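Structure first, then comments.
Being a predicted model, the structure only gives us computed values, none of them experimental. First the proteins, then the strands, lettered A, B, ... as listed; each starts at 1.
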Amino acid sequence: MSLDAMPPAAGAAPAPAGSGSRALLKVEDLQVLFPIYKGLLRRQVGSVRAVDGLSFEVRKGETLGLVGESGCGKSTTGRAILRLTDITGGRVELDGVDVAALEGGELRRMRRRMQMIFQDPHASLNPRMTVASIIAEPLDEHMALGRKARQARVGELMDAVGLREDFASRYPHEFSGGQRQRIGIARALALDPDFIVCDEPIAALDVSIQAQVVNLLEDLQKKLGLTYLFISHDLSMVRHLASRVAVMYLGKIVELATREQLYASPRHPYTQALLSAVPSPDPAREASRERVILTGDVPSPANPPSGCRFRTRCPVAQPRCAAEVPEFRKLEDGRQVACHFAE
Amino acid sequence: ERGADGQVNIIYWQAVSILNPYLSGGTKDVEGASLVLEPLARYDETGTMVPWLVEEIPTVENGGVSEDLMSITWKLKPGLKWSDGSDVTAADAVFTADYCMDETGGCQQVANYADVASVEAVDDLTIKITFTVPKPVPYGPFVGAQSPILQAAQFADCKGAKAPECTDANFGPIGTGPYVVAEFKPNDVVVYEANPHYREADKPAFGSVLLKGGGDAVSAARSVMETGEFDYAWNMQVEPEILAQMEARGIGKVISAYGTSVERFEVNMTNPDPDLGDLRSTVEGGPHPFLTDPKVTRALSMAIDREILVEAGYGAAGQVTCNVLPAPDLFNSTANDWCKTPDVDGANALLDEAGWVVGSDGVREKDGVKLSLLYQTSTNSVRQGTQALIKQMWQEIGVETELRNISGSVFFGGDPSSPDTFQKLYADVEMFTNNFDGTDPEKYMANWRCSEIPSPKNNWLGGNNPRFCSEEYDALVQTLAGTAKIEERAEIAKQLNDMLMESGAIIPLIHRGRVAAMANTIEGHAMNPWDSELWDIASWSRAK
Amino acid sequence: MPLADGAPLSRAPAADPAGEAPVLEVDRLEVVFDTRGGAVHAINGVSFSVRPGELLGVVGESGSGKSVTMMSALDLLPSPPARRTGGAIRYQGRDVSSMGPKALRKLRGGDIGFVFQDPMTSLNPVFTVGYQICEPLRAHLGLSRKQARKRAAELLAMVGIPSPEARLDDYPHQFSGGMRQRVMVAIALSCEPRVIIADEPTTALDVTIQAQILDLVRDLRHRTGAAIVWVTHDLGVIAGIADRVAVMYAGQIVEEAPVAAIFAGPRHPYAAALLETIPDVEGERPERLTTIPGQPPILRAPPAACAFAPRCAHAFDRCHAQNPPLADDGTGHKAACWLRPETVAAAEAGEGAR
Amino acid sequence: MLTYTIRRLAFAVPTLLVISFLIFGILDLAPSDPTAQLPLTIPPEVREKIRLSLGLGDPFIVRYFKWLVQFMVNEPLNILEQWTGWTIGDGERLRVLSWQTRSPVVDLIVQRMPQTLWVVGMSYVVGIVIAIPIGVISAYRQYSWFDQFGTLFSMVGFSIPTFFTGLLFIVIFSVTLGWLPSIYDTTLVVEDWDSFVAQVKQMIMPTMVLGLYNASQLSRFMRASVLDNLNQDYVRTARAKGMTEKVVLLIHVLRNSMIPVVTVIALNLPQVFGGAIITEQIFRVNGLGQLLIGAIEGGDIPTVQTLTFIFAVLIVVFNLIADVLYGILDPRIRYD
Amino acid sequence: MTDAAAVRPDADAAAAADAAAAKRRHSSPWRDVWAQFSSHRGALAGAAVFAFMLLVVLVGPFIHDVDPQKLDIRAKNQFMSWEHPLGTDNLGRDMLAQVMAGGQVSLAVGVTAMLLSVLLGTAIGVTAGFSRRLDGPMMRLTDLFLALPLLPLLLVIIMLFRDTLRQAFGPESGIFILIVFVIGITSWMQTARIVRGDVLALKEREFVLAARSVGAPGRRIITRHILPNVLSPIMVSATLGVANAIITESALSFLGLGFPSDFPTWGRLLYDGANFMTLTPDRVIWPGLAISLTVLSVNYIGDGLRDALDPRIRGR
Ligand SMILES: Nc1ncnc2c1ncn2[C@@H]1O[C@H](COP(=O)(O)OP(=O)(O)OP(=O)(O)O)[C@@H](O)[C@H]1O
Ligand SMILES: Nc1ncnc2c1ncn2[C@@H]1O[C@H](COP(=O)(O)OP(=O)(O)OP(=O)(O)O)[C@@H](O)[C@H]1O
Ligand SMILES: [Mg+2]
Ligand SMILES: [Mg+2]
Ligand code: NI
């Protein structure tokens with residue numbers, strides 16, 4: 001079944017029909033600043049602008065890819081949406097509820113609906129807990145299940161992610177990376193969430209195992225109608241998995257488009273550079289490929305460049321870029337780009 | 001010849017804090033100062049008063065003491081010089097008395113100046129002290145190491161409230177003694193050098209003295225008798241077998257002499273029951289449930305084998321005694337000598353007779369009251385040994401004992417808020433040593449008058465820890481104060497002693513001597529229990 | 001030391017490496033780890049060689065023994081638990097294991113440079129970058145402090161770090177990941193080694209940074225003519241820079257061939273599967289990603305059968321009974337699989353038996 | 001870093017005031033009494049007078065503020081006068097006077113400082129000098145006989161109290177062999193070779209006794225820290241650069257391993273100034289530890305208060321020093 | 001889903017042989033812990049020595065049934081003999097009986113006081129490390145306790161609590177509680193500092209974040225995720241704590257805070273015996289040996305336990 005021609009989310013066959021266009025998550029002008037304190041009185045002298053005015057939506061049942069260089073604020077975005085860091089400004093709406101405004105018990109109840117899969121399958125599992133207790137932790141927190149029911153649910157979850165049930169009393173270190181990531185996924189699924197933030201779930205895995213995990217995520221989405229925010233810097237995986245892709249640079253989204261649009265004809269110079277840097281597993285193509293070489297490193301998010309944040313490394317930068325912040329605008333084909341020169 | 005024998009090293013395991021005996025009554029401080037500061041007269045090793053800075057001891061016979069016992073006149077030896085070369089005059093003595101009697105100065109020897117009306121310098125060498133009451137024994141001021149003469153010139157600006165601020169003077173007094181202070185590190189070490197103006201030209205033989213402090217008694221003994229680093233160590237409260245082993249090395253020896261110190265039980269005549277709250281161990285709280293019965297206390301005393309206590313903890317430093325007043329000989333009663341031989345059967349019989357029957361747990365009881373005692377003392381390994389021994393001895397007569405030891409700084413410190421002071425006596429019996437200065441027991445025996453009972457009213461001040469109260473005893477003390485003849489005084493003192501023994505308020509255990517360790521090479525020292533141990537340091541010398 | 005004046009450093013033209021004698025040869029290497037759970041046979045008869053100016057790519061699944069092989073080339077394995085049970089490593093014909101400590105030290109850092117996988121932890125956090133670059137310069141080349149510093153600055157400039165003089169006094173944490181990896185490269189290059197071993201040097205880096213490093217290496221290789229062994233599991237990287245590729249599985253090399261040949265037609269099922277698993281940013285997007293089912297084995301004993309057999313779709317009886325030798329088909333394309341006629345032939349000829 | 005330091009110091013002031021108040025409160029509550037050391041022959045009324053003359057009649061708060069003024073204002077002024085030779089005011093300032101010696105406590109402390117620093121400080125140095133190689137070698141050769149022996153040594157060293165080792169040393173080296181003096185001579189002035197030898201001789205036993213005790217603890221820390229670092233990637237890098245094992249171990253590993261150990265050392269350094277009560281007693285070093293214990297036993301509240309307060313200041317300051325040191329040793333850490 | 005299903009059996013095929021073993025191995029986590037513990041040679045030896053000492057101390061008095069407090073002044077300072085296997089002290093008390101009786105007290109005090117101090121230190125360290133708000137106050141409290149003059153503090157404690165406790169629990173248990181309390185509250189600071197440092201690092205770890213993301217409240221994060229992972233430094237503190245408590249107990253008796261003076265403990269025996277070192281060396285050798293052996297064995301047990309409780313090591 002080829003999805004290429006169809007609108008992406010609708011193609012996910014068993015997902016509830018008609019839900020394709022409804023926005024499950026709406027992020028408006030999200031801002032996360034980490035304050036920098038200095039001086040005798042610990043006055044705040046500035047802040048790391050980790051996430052600086054993001055707006056996007058994720059539709060029910062779809063996968064939104066979020067890509068960008070290391071340190072551009074991808075993880076912070078994911079954590080902010082789940083309220084794992086404090087939000088400085090903006091709204092995060094999940095199914096109409098403003099998550100940013102929730103506190104205490106309400107937030108805790110909301111956590112049943114939104115979960116996270118972490119980057120490092122080794123670091124995100126407590127080495128002293130058995131697989132069963134790791135997976136059951138969310139159950140213990142939110143549902144008063146009996147011992148039997150709990151055990152049954154853990155078994156069900158392990159089955160769903162392809163782990164044999166008799167591994168339940170093993171410890172994380174006894175598993176391979178891919179299996180560990182499955183444990184993390186099972187934990188995230190335990191409460192039947194609607195929405196899952198996948199924070200680089202495959203970055204730490206071996207290539208052949210990456211494919212297993214990605215396939216698993218896809219299967220689960222189909223079966224359970226999940227909605228993903230898939231954070232990665234592996235552009236080829238994002239291409240495979242996501243229906244729409246957002247490209248971040250230094251705390252801002254520079255381009256947001258459907259997969260086909262983005263990979264076929266990137267509009268933002270940063271997106272272009274990023275795509276051209278991906279090596280291709282084909283010596284012939286690799287030799288002929290034209291590449292946009294970026295120079296220098298990412299500027300510090302504590303002191304971002306004026307105007308367009310990308311201008312310091314941009315091959316097509318003009319004086320205008322330094323003076324004016326490019327608007328995040330919609331082009332006629334529906335994609336959104338933050339560049340003065342894109343059309 | 002002066003200075004010919006080099007240095008003598010002395011170790012005091014309690015270090016000297018200050019060299020002004022008026023600002024610290026601690027024995028170590030008084031004795032440290034005694035190398036420099038001297039009194040007019042002092043006691044020799046036999047307890048006899050000997051003239052020191054005077055020609056003779058004033059008495060009624062030689063006219064030095066007035067017939068009405070209201071004044072005493074001392075005559076200084078002529079030609080005495082301070083170590084800075086100036087002359088010693090009667091004015092210095094007058095100043096000294098003023099210095100100590102100044103209310104704001106916190107003088108710690110003020111008891112020596114009790115009842116003094118005035119001190120005058122009749123002439124340069126004559127000092128006259130007048131008393132407010134007749135004094136049969138008028139040898140308080142300027143006698144003994146506690147009451148030496150200070151140089152008026154040095155301390156002129158240090159009177160009253162300023163006394164503590166004169167650190168230089170307090171740390172380096174100018175005196176008439178054989179030594180002057182060369183270096184003083186408080187609570188650590190004093191270095192003395194021979195006084196160039198000392199009145200006897202060929203003394204002292206040692207050019208310098210090092211008086212080191214700190215540590216404990218055993219290691220002090222070791223430094224004299226095992227390593228030979230020191231020549232003399234003071235106050236050897238050490239188990240006898242340890243001393244014996246050290247002595248066997250042949251470098252040093254243990255010397256001792258007996259004064260008036262007695263290790264004793266003071267028996268609580270009032271009720272220490274914690275349930276009484278504030279009335280605990282007060283006369284108002286009522287008598288002790290069983291210790292007021294002389295039969296019980298006598299049985300307790302009879303059960304104790306004092307010889308064993310001596311053997312285990314004291315050796316040459318202790319003798320069995322049955323009196324709280326064991327010395328001088330003239331004052332030693334023989335009426336209580338039954339206690340010298342232990343008699344467990346007799347004690348058992350006595351308790352049976354008094355109606356105390358042995359219960360199932362081996363403890364005697366009567367009317368629901370058990371013969372169970374809380375026995376407290378200060379922390380010190382010999383005392384804890386004694387405690388253990390006595391506990392076992394009492395067990396044999398069906399008395400149960402709980403032992404408690406309390407840090408000396410709490411036990412002997414009179415903090416009224418502490419439950420553990422020896423005055424509060426929140427226990428049934430307590431054990432410690434006491435003695436008196438000089439050779440006259442009048443003040444000492446006056447301790448056990450009814451008025452001296454510590455209680456909340458007097459902020460727990462008072463020397464009558466057993467809370468013993470007898471009008472007869474009080475009257476007898478009064479009589480003693482008015483008696484001048486020494487034989488009569490001795491008789492009265494013995495009677496007082498016997499009354500205490502019979503009542504059971506005090507159970508004497510051991511007559512303790514002063515013990516020191518001394519290198520075999522030191523000569524010319526006579527152990528003196530009545531005055532500073534270093535009283536004769538001017539005549540010490542090293543064997544060639 | 002003409003590095004400074006930008007003159008080409010090539011000791012040998014990179015043009016035709018095949019004609020020269022190999023600088024580094026690994027010959028039937030076997031390594032065992034003694035763990036609490038018993039011995040682990042991590043490397044089982046790995047052989048390969050590189051010639052000056054050649055870049056050999058080594059790929060393979062995680063745990064297949066890539067790092068262990070490279071480390072044993074410099075005798076860097078912690079021992080215990082590592083134990084070399086067989087084989088030899090020859091640098092310019094000399095056996096590394098029989099070298100004395102002094103010669104070995106000269107080899108390490110002097111003749112063979114090493115770039116490690118994780119740039120975040122491979123630099124000592126408490127010494128300045130300058131100090132760490134100068135260390136081998138002073139030890140191997142005997143430069144004075146001043147000379148070494150000057151040279152270090154040149155090296156930093158060479159790996160493309162702006163204002164190198166100033167950055168010498170910075171600490172590693174003040175560098176970004178890409179810059180740190182460049183520092184590692186600078187250290188590896190510092191003594192003009194004839195061989196550079198790079199163990200997954202870009203795995204932890206971003207694509208854009210990775211692209212920078214790859215460019216740097218391409219450039220260097222042509223300028224210095226050093227032989228390079230490049231370990232990775234990213235076939236895309238290999239496709240871009242390698243001359244030859246060796247594919248490792250379970251402590252053995254299962255296929256070795258010129259890079260174009262292997263991408264054109266992998267001969268070992270594992271290599272084929274590996275090529276299929278990776279998605280691409282271009283071209284057709286597959287419905288599902290291909291996976292290699294199962295996990296690599298933990299070898300408690302040297303493999304008696306083909307180690308890949310349990311995961312292989314084409315496995316037949318012989319695969320479970322006998323370990324195939326690595327055999328050359330005459331074009332320099334070697335594979336170890338019973339499906340290959342040359343393998344069968346080689347086994348029958350009795351050569352290459354492991 | 002500087003502002004961080006200043007800020008920490010500024011916050012330390014109220015903390016220390018609270019601590020000083022609490023210490024004073026505890027000392028006041030404690031039942032020790034300044035007259036406890038006097039012979040019982042001194043009658044109770046006189047004792048009471050002595051107590052009053054020491055100011056014990058004043059209410060608690062008054063005494064606390066008196067001390068505070070004396071210590072915080074008068075003593076610093078006095079030191080200033082001594083250093084500069086100026087006269088500030090009429091010079092009639094009441095200093096903190098010890099009850100036992102009636103002399104200024106600060107003078108006593110100054111007098112005690114040298115021997116404490118020499119003996120206890122040196123023992124600390126000895127401890128470090130012994131512990132570091134033991135820790136490093138134990139870790140480097142983990143589970144070797146050396147390592148096992150090191151464990152044995154440190155555990156026995158830790159479980160045997162200094163009063164016992166001190167005595168054992170005296171019995172062996174002073175009594176039996178007669179090599180070393182058992183009593184420390186604080187009047188010894190080092191002016192020539194002989195007196196230097198004498199000084200060294202008298203320091204050997206106390207420093208070793210304490211040093212071994214310190215070493216037994218520190219070597220455990222060191223071992224753990226080196227073990228942590230030996231497996232780090234940068235160690236492998238250093239080897240790959242062709243560094244000798246000596247350089248790898250003594251430069252790369254040691255420097256990193258020292259970071260946590262140095263902070264432990266710094267955190268425990270105030271104890272040097274607190275003196276070593278038992279060891280000082282045994283060898284009669286009569287340093288600050290002996291001063292403190294003597295003052296406590298003698299109920300000498302001004303001395304105890306002043307000493308413990310200085311000790312508290314040192315603890316707070318060394319906490320800060322440890323943090324700052326961490327920042328200096330570990331370039332990754334920045335406090336602002 | 002089709003090939004995901006296919007993956008599973010295959011994935012496990014490789015580990016098939018392992019799996020059976022795994023099943024056996026994971027039948028009970030405590031059996032695992034024991035299995036790992038007993039494979040640690042040092043730990044086993046430590047446990048054996050400790051058990052032996054416990055046995056001697058608890059059962060010994062029934063075999064060698066001499067009253068440790070019984071004095072026999074005629075038989076003082078004796079060397080080893082059949083009647084007194086470890087000799088006698090200077091009051092003629094049997095040393096073996098004293099060492100055994102003292103062991104009961106010392107071991108009890110050592111272990112309980114250590115537990116208290118470790119509990120306190122851990123609680124304070126974890127609180128300080130976990131809560132940014134409480135960090136300052138808690139660490140200042142630690143400074144305060146480090147700065148407080150111990151002796152006067154102890155004297156105050158005795159004064160305030162001794163009689164109350166004595167009345168409530170009787171003289172011996174009252175004192176026991178007091179001693180344990182005193183040692184506990186004066187020796188937790190080092191533990192607290194170490195634990196705090198570890199917690200600070202630990203709370204930034206991803207699995208703690210993961211626990212927060214499933215909505216686990218702070219207290220559960222502490223008990224499930226933080227505490228088990230700071231076990232290792234706590235173990236070290238605990239080992240040193242036992243030695244410290246045994247020695248401190250003997251020092252306390254000199255303040256009149258300890259047990260009654262005729263109540264033997266190892267620390268006390270060692271202290272009392274020190275002066276008799278040259279006369280009757282056995283008086284110091286045996287209690288000293290007992291203390292050292294206890295500390296050593298506790299150290300090795302701690303090592304073994306730490307390994308046994310760490311599944312990462314256990315699996316290897
Ligand atoms: N707790 C924090 N305090 C201060 N700065 C922070 C904090 N967390 C993140 N940052 C900063 O915010 C920026 C964005 O970080 P983030 O972790 O979101 O990046 P990322 O895109 O996920 O990178 P990576 O791909 O490496 O995971 C970085 O510059 C980082 O240094
Ligand atoms: N220190 C060690 N102790 C025990 N076994 C080890 C050790 N180091 C490596 N191994 C084993 O050696 C085998 C090969 O490991 P190696 O690190 O070479 O893999 P790799 O191919 O480099 O993998 P990656 O791609 O993850 O770096 C692994 O199976 C591993 O279990
Ligand atoms: Mg991230
Ligand atoms: Mg590797
Ligand atoms: Ni499909």
Side-chain angles (χ1 to χ4, degrees), chain C residues 67 70-71 73-78 80 101-129 131-141 169-174 180 183-184 186-188 190-191 193 196-199 204, chain D residues 1 132 136-148 222 225-263 322-336:
Chain C
S67 301
M70 300 309 140
M71 304 264 217
L74 282 184
D75 213 8
L76 281 176
L77 285 175
K102 220 170 161 187
L104 186 64
R105 280 204 302 275
K106 192 185 162 302
L107 190 71
R108 292 174 174 177
D111 296 321
I112 302 182
F114 216 121
V115 183
F116 291 100
Q117 181 163 1
D118 190 352
M120 301 297 173
T121 57
S122 292
L123 289 171
N124 193 329
V126 302
F127 291 104
T128 61
V129 164
Y131 178 87
Q132 298 188 58
I133 302 179
C134 289
E135 231 181 354
L137 290 173
R138 300 185 59 197
H140 296 299
L141 305 180
D169 295 322
D170 283 353
Y171 288 91
H173 73 274
Q174 290 164 300
R180 273 188 241 183
V183 171
M184 282 301 293
I187 292 174
S190 58
C191 300
I196 297 171
I197 296 176
D199 186 1
Chain D
M1 185 78 83
I132 287 179
V136 170
I137 300 174
S138 295
Y140 191 64
R141 306 217 174 289
Q142 199 188 0
Y143 301 131
S144 65
W145 67 265
F146 186 96
D147 185 23
Q148 304 290 3
M222 193 67 209
S225 180
V226 172
L227 273 181
D228 274 353
N229 279 287
L230 271 176
N231 295 324
Q232 298 287 321
D233 286 351
Y234 66 78
V235 177
R236 196 180 55 195
T237 307
R239 292 211 175 102
K241 287 196 291 190
M243 299 295 108
T244 58
E245 278 304 287
K246 211 170 84 191
V247 171
V248 170
L249 202 59
L250 296 187
I251 293 184
H252 289 268
V253 174
L254 194 64
R255 173 88 189 266
N256 281 278
S257 316
M258 284 307 285
I259 294 171
V261 175
V262 164
T263 50
D323 284 352
V324 171
L325 256 179
Y326 212 112
I328 290 173
L329 290 173
D330 189 340
R332 286 164 296 188
I333 296 190
R334 284 288 170 265
Y335 288 102
D336 42 18

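For a residue to count as touching a neighbouring chain, one of its non-hydrogen atoms must lie under 4.5 Å from one of that chain's; by this rule D/Leu230 does not touch chain C. When heavy atoms are compared at a cutoff of 4.5 Å, D/Val235 does not approach chain C at all. For C/Leu123, the part lying under 4.5 angstrom from a heavy atom of chain D is the backbone only.
Considering only heavy-atom pairs separated by less than 4.5 Å from chain D, the leading option among C/Lys102, C/Gln132, C/Lys106 is C/Gln132.
Contact between C/Tyr131 and D/Ile251 at its shortest, heavy atoms only, is OH-CG2, 3.5 Å. The minimum heavy-atom distance between D/Gly242 and C/His140, with the atom names listed, is CA-NE2, 3.8 Å.
Taking CZ of D/Arg236 as the start and CE of C/Met71 as the end, the distance is 3.5 Å to the nearest 0.5 Å. Separation of atoms CG (D/Asp233) and CG (C/Asn124) is listed at 11.5 Å; rounding is to 0.5 Å. Annotation: the span from C/Leu74 atom CG to D/Arg239 atom CZ amounts to 12.5 Å, rounded to 0.5 Å.
Looking at C/Ser122, its side chain never comes within 3.5 Å of a backbone N or O of D/Thr237 through a donor-acceptor pair.
In this view, C/Glu135 and D/Lys241, D/His252 satisfy the side chain to side chain donor-acceptor pair (under 3.5 Å) rule, not counting sequence neighbours.
Side-chain contact check for C/Arg105 versus D/Met243: every heavy-atom pair is 4.5 Å or farther apart.
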